[in-house]
Amino acid sequence: TNGVITIDPGFKNTGSCESAITFLDGEKGILRYRGYPIEQLAEKADFLEVAYALIFGNLPTTEQLETFRSDIKKQSVVDDDIKKILDAFPKSAHPMGVLSSLTSALTAFNSSSVNVDSEEEMYRAITKIMGKFPVLVAWTMRKKQGLPLNYGSNSLGYVENIMKMMFEQPNETYEVNPVIKDALDKLLILHADHEQNCSTSTVRIAGSSHVGLFSSLSTGISALWGPLHGGANQAVLEMLEAIKADGGDTKKYMAKAKDKSDPFRLMGFGHRVYKNFDPRAKIIKKAADEVLNDLGVEDPILEIAKGLEQEALNDKYFVDRKLYPNVDFYSGIIYRAMGIPVDMFTVMFALGRLPGWIAQWREMRLKKEPIGRPRQIYIGENERDFVSIDKR
Ligand code: SDX
């Protein structure tokens, strides 16, 4: 501090706003959306209900949910020219980079969603992105798989529709697999919001300049892509695959994770706020067993993950630093069992986090929060005169 400004790297001890959306207690491992415990939501609600509660404040009545659903359905077509942008990407492009570009590009086809100031204009922009984002997610995956870019069906529910767009095979009638539908509902609910995490803070600060919702969301997708944040779910699977290829030598990776000279971290472990078990990880770990069992999928990676967890929970380095499995540790095992490619895992995180980002952006705009503009402590050169290049 310089007596006036206090520097707080990573904002570990800085509150950026007051919010009524999500409550979490890192010591007790508590997570609630609008006061509803996620354990109950994950068991009893569906994703669109939870999205409604996050964005508008309460679990919806039947009528409110039906109105929301039908307003979204009216907005679930994407301008076909978006395909030209998608075509420009090489198949090797990472889906998160594609998705953030397409999300920002939506602004070009929906100019009315840029300067939204009234609640009505916000609502229209919200239903637009809730309808169009799943299309972008599905098309991003199918483009890489060389599959036709398709639509779902408005006769299906929100998550079933996403499944049809993602998994439908040409020449086959798509059947919704109830095991996958339930697991996807649960995973999307568990990823839906998490107060002022890195990507949500990014959406808030971008949105505080009053750039439109789609552009603000695009910045959140980029922040989420980082391996320290949502990108960890992909990094976990790659790490577990490497351990498997190394004959299951978890001790080698534990040693690397503890070696300060080695940049390697045990991916899917640790959390800025949870200094106890991430409550989402508990639910996802249980769901992983159930889903793989119900799908009849044997995945040795799950046993390696459990072995790694056990070792870390008994290792002084991890215990001293209160490093426990987080939301990203087991989720990829379920996504893989669903047939989702590993480089799409963080896209699935973004699909779940969409309503949370929207809710936080809406709260920030409705509260008319000032533009985010932190200060600094200058530690550079004192004043000095220009020197011509021949004298440098
Ligand atoms: C998400 O914020 C959110 O809510 C995020 C999220 C959400 O829903 O939005 O919950 C989603 O991003 C979950 C986190 C996914 N990331 C990973 O799994 C990547 C691995 N985890 C770490 O990089 C780390 O734990 C963070 C980024 C999650 C948290 O980092 P912090 O709070 O800045 O902690 P830190 O880096 O200061 O670490 C404290 C100590 C350090 O050791 P010392 O310097 O004290 O000796 O713990 C060590 C770190 O080196 N450490 C790890 C570790 N995580 C922290 N050592 C090895 N492996 C790890 N995973």
Side-chain angles (χ1 to χ4, degrees), residues 8-16 19 21-27 29-33 38 42 50 54 96 187-204 220-240 243 250-284 305 308-309 311-313 315-332 345-346 348-357 359-360:
D8 180 18
F11 309 126
K12 294 190 174 186
N13 302 298
T14 294
S16 62
S19 176
I21 299 169
T22 290
F23 170 79
L24 63 92
D25 178 319
E27 292 308 320
I30 295 171
L31 175 58
R32 301 184 198 125
Y33 300 155
I38 50 141
V50 172
L54 281 168
M96 283 297 274
L187 281 168
L188 294 174
I189 288 169
L190 291 171
H191 285 82
D193 193 53
H194 214 237
E195 57 133 279
Q196 305 311 314
N197 61 86
C198 176
S199 53
T200 300
S201 299
T202 305
V203 170
R204 273 183 172 257
I221 295 166
S222 298
L224 186 71
W225 188 1
L228 296 187
H229 192 13
N233 62 10
Q234 172 177 344
V236 167
L237 241 293
E238 289 163 349
M239 171 185 75
L240 294 172
I243 293 174
T250 48
K251 294 219 177 330
K252 172 179 163 186
Y253 286 82
M254 293 282 285
K256 275 168 65 72
K258 295 186 277 190
D259 176 356
K260 290 299 170 200
S261 65
D262 187 329
F264 173 78
R265 287 188 158 195
L266 209 55
M267 302 314 275
F269 269 79
H271 197 277
R272 172 62 59 74
V273 181
Y274 289 125
K275 298 307 170 191
N276 194 318
F277 246 90
D278 181 332
R280 300 167 296 177
K282 279 185 187 170
I283 299 170
I284 296 173
L308 201 53
E309 177 187 338
E311 286 196 42
L313 298 184
D315 182 294
K316 187 172 173 358
Y317 173 94
F318 288 87
V319 173
D320 288 355
R321 292 168 179 78
K322 301 184 176 180
L323 303 177
Y324 294 89
N326 58 47
V327 66
D328 293 316
F329 189 59
Y330 287 102
S331 55
F345 288 3
T346 312
M348 297 310 290
F349 192 142
L351 187 62
R353 186 54 50 90
L354 178 67
W357 284 332
Q360 300 273 351

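Read the numbers this way: they start at 1 and go in the same order the structure lists the ligands and their atoms. Treat the numbers as computed from the prediction; the structure is a model and nothing was measured. All heavy atoms count here, side chains included; hydrogens, waters and symmetry mates do not.
Contacts between K260 and ligand 1 below 4.0 angstrom, taking non-hydrogen atoms only, involve the side chain exclusively. Residue-level proximity to ligand 1 for R321 is carried by the side chain, the only part with a heavy atom below 4.0 angstrom. At a 4.0 Å heavy-atom cut-off, ligand 1 does not touch F329 at all. At a 4.0 Å heavy-atom cut-off, ligand 1 does not touch H191 at all.
Heavy-atom contacts of K12 reach the following atoms of ligand 1: 33 (O), 37 (O) (cutoff under 4.0 Å). Each of the atoms 18 (O), 19 (C) of ligand 1 lies under 4.0 Å from some heavy atom of M267. Residue R353 has at least one heavy-atom neighbour below 4.0 Å for each of these atoms of ligand 1: 7 (C), 8 (O), 9 (O). Close contacts between ligand 1 and G270 involve ligand atoms 25 (O), 28 (C) [criterion: under 4.0 Å to a heavy atom]. Less than 4.0 angstrom separates some heavy atom of N197 from each of these atoms of ligand 1: 2 (O), 3 (C), 4 (O), 5 (C), 9 (O). Numbered from 1 in the order shown, with element, the atoms of ligand 1 that lie under 4.0 Å from a heavy atom of R272 read 29 (C), 31 (P), 32 (O), 33 (O).
Annotation: side chain to side chain contact (heavy atoms under 4.5 Å, CB included) contacts of L313 (sequence neighbours excluded): F277, E309, Q310, Y324, P325.
Considering only non-hydrogen protein atoms, atom 58 (N) of ligand 1 sits nearest to L266 N, 3.1 Å. For atom 17 (C) of ligand 1, the nearest non-hydrogen atom of the protein is A232 CB, 3.5 Å. In this structure, atom 56 (N) of ligand 1 lies nearest to the protein heavy atom Y317 OH, 2.9 Å. When hydrogens are left out, the protein atom nearest atom 57 (C) of ligand 1 is A257 O, 3.6 Å; that is the closest non-hydrogen contact. For atom 20 (C) of ligand 1, the closest non-hydrogen atom of the protein is F269 O, 3.4 Å. Protein heavy atom nearest atom 30 (O) of ligand 1, with residue, atom name and distance: R265 NH1, 4.2 Å. Closest to atom 51 (N) of ligand 1 among all protein heavy atoms lies L323 CD1, 3.7 Å.
Put simply, the side chain of V236 does not reach to within 4.5 Å of the side chain of F345, judged on heavy atoms. For the pair L228/R272, no side-chain contact is recorded, criterion being any heavy-atom separation below 4.5 Å from C-beta on. With contacts defined as side-chain heavy-atom distances shorter than 4.5 Å, the pair L188/L354 does not qualify. Counting heavy atoms from C-beta outward, V273 and H194 have side chains that stay 4.5 Å or more apart. Within the 4.5 Å cutoff, the side chain of M239 has heavy atoms near those of the F264 side chain. At a threshold of 4.5 Å between non-hydrogen side-chain atoms, the residues L237 and M267 do not count as touching. Side-chain contact check for I189 versus I38: every heavy-atom pair is 4.5 Å or farther apart. Taking 4.5 Å as the limit, every side-chain heavy atom of M348 sits out of range of all side-chain heavy atoms of L187.
With no hydrogens or angles considered, no side-chain donor-acceptor pair links T200 and Q360 at under 3.5 Å.
Checked by distance only, ligand 1 and H271 come closer than 3.5 Å through their nitrogen or oxygen atoms. Polar contact check, L228 against ligand 1: a nitrogen or oxygen pair lies under 3.5 Å apart. Inclusion of F318 in the set of residues having an N or O under 3.5 Å from an N or O of ligand 1 is not warranted.
Nearest heavy atoms, N326 versus A281: O-CB, 3.5 Å. In plain terms, the two heavy atoms of F269 and L323 that are nearest each other are CD2-O, 3.8 Å.
Taking each of P325, S199, G268 in turn, the one with a heavy atom nearest to atom 18 (O) of ligand 1 proves to be G268. Comparing M254, Q196, R280 against atom 8 (O) of ligand 1, the shortest heavy-atom distance belongs to R280. Nearest to atom 14 (C) of ligand 1 by heavy atom, out of L24, N326, V327, is N326. Closest heavy-atom approach to atom 11 (C) of ligand 1 within the set E195, K258, H229: this belongs to H229.
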- Message: Run the side chain to side chain contact (heavy atoms under 4.5 Å, CB included) test on L266 and F318 for me, step by step, so that the C-alpha distance in whole Å, both residues' side-chain angles and the decisive distance to 0.1 Å come before the verdict.
- Response: CA-CA 10 Å; L266 209 55; F318 288 87; 3.5 Å; yes

- Full working for side chain to side chain contact (heavy atoms under 4.5 Å, CB included) between L308 and L240: CA-CA 9 Å; L308 201 53; L240 294 172; 4.1 Å; yes

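Residue Y274 places no heavy atom under 4.0 Å from ligand 1. For G10, the closest heavy-atom approach to ligand 1 does not fall below 4.0 Å. Using a non-hydrogen distance threshold of 4.0 Å, D328 registers as a contact of ligand 1.
Listed for the D8 side chain is a donor-acceptor partner under 3.5 Å among the backbone atoms of T14.
Separating the CH2 atom in W357 from the CG atom in L224 is a distance of 4.5 Å, to the nearest 0.5 Å.
Within a 4.0 Å radius of atom 5 (C) of ligand 1, the protein has at least one heavy atom.
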